[in-house]
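The structure appears right after this line, and notes come after that.
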Amino acid sequence: VAPPPYIPSRPRSSSTPIPQSETAPNSALRQLAAAKSQVKVIKIKYEAVMTEKDEKDKQCAELQISLEQSEQENMSLKFKREQDQEEIKKVKIELENKNMQLIQSQQDIEKYKNSETALNS
């Protein structure tokens, strides 16, 4: 039995080699399409990373402002505390002076009573 004659219009099977002249342009087009697709994917990833970076930058700026406000508040509280401590010292000194006056007055009263008792006897 003789093999069937070659018919050029018949589709090639996958085992039939494709002539190089036909594959080069198609292969280049496929590679170009694949490269464009990769570029799109990379652009999307880049935009996602940049969006995340912008969000992180915004959070960082907000935290920096919050930190500065907290530091100012802390300084204000320290200053207030120092003022309060100075006021406490003043009040303690005044209290000690009043106690000394009270003791002196009590001693004066005792002297008066003693001198009155001495005069009456």
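Only a predicted model underlies this, so the values are computations on that prediction, with no experimental measurement involved.
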Handout entry: Check ion pair K80-D84 (N to O, under 4.0 angstrom)
Key = yes

Handout entry: Check: N74 side chain, S70 main-chain N or O, donor-acceptor pair, under 3.5 Å
Key = no

Exercise for the section: For Q104 and D108, test the side chains for any donor-to-acceptor distance below 3.5 angstrom and give the result as yes or no. Expected result: yes

Handout entry: Polar side-chain atom of T51 near backbone of E47 as donor-acceptor pair, under 3.5 Å
Key = yes

Practice task
Could you tell me whether the side chain of S115 and the main chain of K111 form a donor-acceptor pair under 3.5 Å?
Solution key: yes

Fill in the blank from the handout: With sequence neighbours left out, the residues meeting salt bridge (Lys or Arg N to Asp or Glu O under 4.0 Å) with E86 are K89

Fill in the blank from the handout: Residues at least two apart in sequence or cross-chain that pass salt bridge (Lys or Arg N to Asp or Glu O under 4.0 Å) with K53, listed by chain then number, are D57

Practice task
Tell me, with the steps shown, if Q101 and K98 meet side chain to side chain contact (heavy atoms under 4.5 Å, CB included).
Solution key: CA-CA 5 Å; Q101 289 175 359; K98 296 288 181 186; 4.0 Å; yes

Fill in the blank from the handout: When rounded to the nearest 0.5 Å, the distance separating OG of S37 from CD1 of I42 is 9.5 Å

Problem - Nearest-0.5 Å distance that lies between atom NZ in K92 and atom CD1 in I88 - result: 7.0 Å

Practice task
Check whether more than 12 heavy atoms from other residues, nucleotides or ligands sit under 6.0 Å from atom CE of M100, and answer yes or no.
Solution key: no

Handout entry: Atom pair CD (E52) and NZ (K56), whose distance is rounded to the nearest 0.5 Å
Key = 5.5 Å

Fill in the blank from the handout: In this structure, CD of E96 is separated from CG of N99 (nearest 0.5 Å) by 8.0 Å

Handout entry: Q69 side, atom CD; Q72 side, atom CD - distance, nearest 0.5 Å
Key = 7.0 Å

Handout entry: Sub-4.5 Å side-chain heavy-atom contact between Q83 and E87
Key = no

